[in-house]
Amino acid sequence: MKKIGLLTFLALGLIFASCSTNGFKARTAEIELKGNPTTGYTWICTVSDESIVQVEEKVQYLGAKGIVGAPSRFVYTIKPKKPGATTIKFEYKRPWETEAPEENREYAVTVSTDGNVIVEEK
C-alpha cells in the first residue's frame, strides 16, 4: 500500500510541476501615435487576429484646457491572450468621411510562448 501511495503522490507532483512551468505570463507593449481628436481625426485600429492580442486605447490630451486643435497622444496597450503572430493596422482619419486616410501605420506583433510581446513597425 505504501508503494502505491508514494507513486500516486509522485505522479501528481509531476503533473502539478508541469502545469506551473508552462504558465503563460502576460506582458504588455505600447504603441504611441500622435493625433488631433479635437478636429475629428482619430486612429482607427484593426487587429487581424483578435484571439492573439487585445488592444486598449487611451488618449492623452497635450494642449491647454479648452484649446481646439491642440495635439494628443494616442496610447495603445497591447495585451497578449495566447502565443502567435498578428498584424495591427492603424488609419488616421475622420470616421464619418469616405476619403482615404491621412496616414496609415502597420505593426507586426508576435506573442512568444512565455508571454512576451514583440512589436515591429512594417
Side-chain angles (χ1 to χ4, degrees):
M1 284 299 231
K2 287 185 179 182
K3 286 184 182 179
I4 294 173
L6 180 60
L7 289 175
T8 304
F9 177 77
L10 289 174
L12 287 174
L14 288 173
I15 292 169
F16 288 125
S18 67
C19 290
S20 64
T21 58
N22 291 333
F24 185 73
K25 298 177 183 174
R27 294 171 175 87
T28 62
E30 288 186 345
I31 296 173
E32 291 186 16
L33 302 171
K34 292 185 180 179
N36 200 333
T38 61
T39 60
Y41 282 91
T42 190
W43 287 98
I44 298 171
C45 174
T46 306
V47 180
S48 63
D49 187 345
E50 293 180 342
S51 72
I52 307 263
V53 295
Q54 173 184 341
V55 179
E56 295 178 359
E57 178 189 67
K58 181 180 177 184
V59 180
Q60 299 171 334
Y61 182 70
L62 301 175
K65 187 175 180 178
I67 295 179
V68 176
S72 292
R73 179 181 314 136
F74 291 75
V75 179
Y76 294 89
T77 303
I78 302 165
K79 296 182 177 184
K81 292 182 175 180
K82 68 177 187 180
T86 188
T87 301
I88 301 176
K89 295 180 181 181
F90 294 92
E91 293 182 325
Y92 187 65
K93 62 185 252 175
R94 290 180 173 131
W96 63 87
E97 294 181 342
T98 57
E99 290 85 17
E102 293 288 321
E103 189 175 347
N104 291 302
R105 297 279 181 96
E106 188 171 341
Y107 297 87
V109 178
T110 304
V111 178
S112 64
T113 55
D114 65 353
N116 284 322
V117 179
I118 301 161
V119 178
E120 297 176 305
E121 188 167 5
K122 289 185 168 185

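One-based numbering along the sequence shown.
Shortest non-hydrogen contact noted between I52 and P83 is CD1-O, 3.8 Å. Among all heavy-atom pairs drawn from I31 and I78, the shortest one is CD1-CD1, 3.6 Å. Contact detail for V53 and P80: the closest heavy-atom pair is CG1-CA, 4.2 Å. Taking both residues in full, the closest heavy atoms of F74 and N36 are given as CE1-N, 4.2 Å, listed atom of the first, atom of the second, then distance.
Using a distance-only test at 3.5 Å, with no hydrogens or angles considered, a donor-acceptor pair links the side chain of S48 to the main chain of T87. In this structure, the side chain of K81 does not engage the main chain of Q54 through any donor-acceptor pair within 3.5 Å. At distances below 3.5 Å, not a single donor-acceptor pair connects side-chain atoms of W43 with backbone N or O atoms of V75.
Pairs engaging residues 100-113 under the salt bridge (Lys or Arg N to Asp or Glu O under 4.0 Å) rule: E103-R105, R105-E121, E106-K122 [sequence neighbours left out]. Screening residues 86-97 for salt bridge (Lys or Arg N to Asp or Glu O under 4.0 Å) gives R94-E97 as the qualifying pairs, with residues at least two apart or on separate chains.
Between R73 and L62 the shortest side-chain heavy-atom distance falls below 4.5 Å.
Partners of T110 under the side chain to side chain donor-acceptor pair (under 3.5 Å) rule, at least two apart in sequence or in another chain, do not exist in this structure. Scanning for side chain to side chain donor-acceptor pair (under 3.5 Å) contacts around K79 gives E56, with sequence neighbours left out. E120 pairs by the side-chain contact (heavy atoms from CB on, under 4.5 Å) definition with I118, not counting sequence neighbours. Annotation: ring-ring contact (aromatic ring centres under 6.0 Å, His included) contacts of Y76 (sequence neighbours excluded): F90.
Both Y92 and V59 sit in one connected hydrophobic cluster of ILVMFWY residues. Membership requires side-chain heavy atoms under 4.5 Å apart, directly or through other members.
The NZ atom of K82 lies 3.5 Å from the OG atom of S51; values are rounded to the nearest 0.5 Å. Distance check, rounded to the nearest 0.5 Å: CZ of R27 to CG of D114 gives 5.5 Å. To the nearest 0.5 angstrom, Q60 atom CD is 9.0 Å from S72 atom OG.
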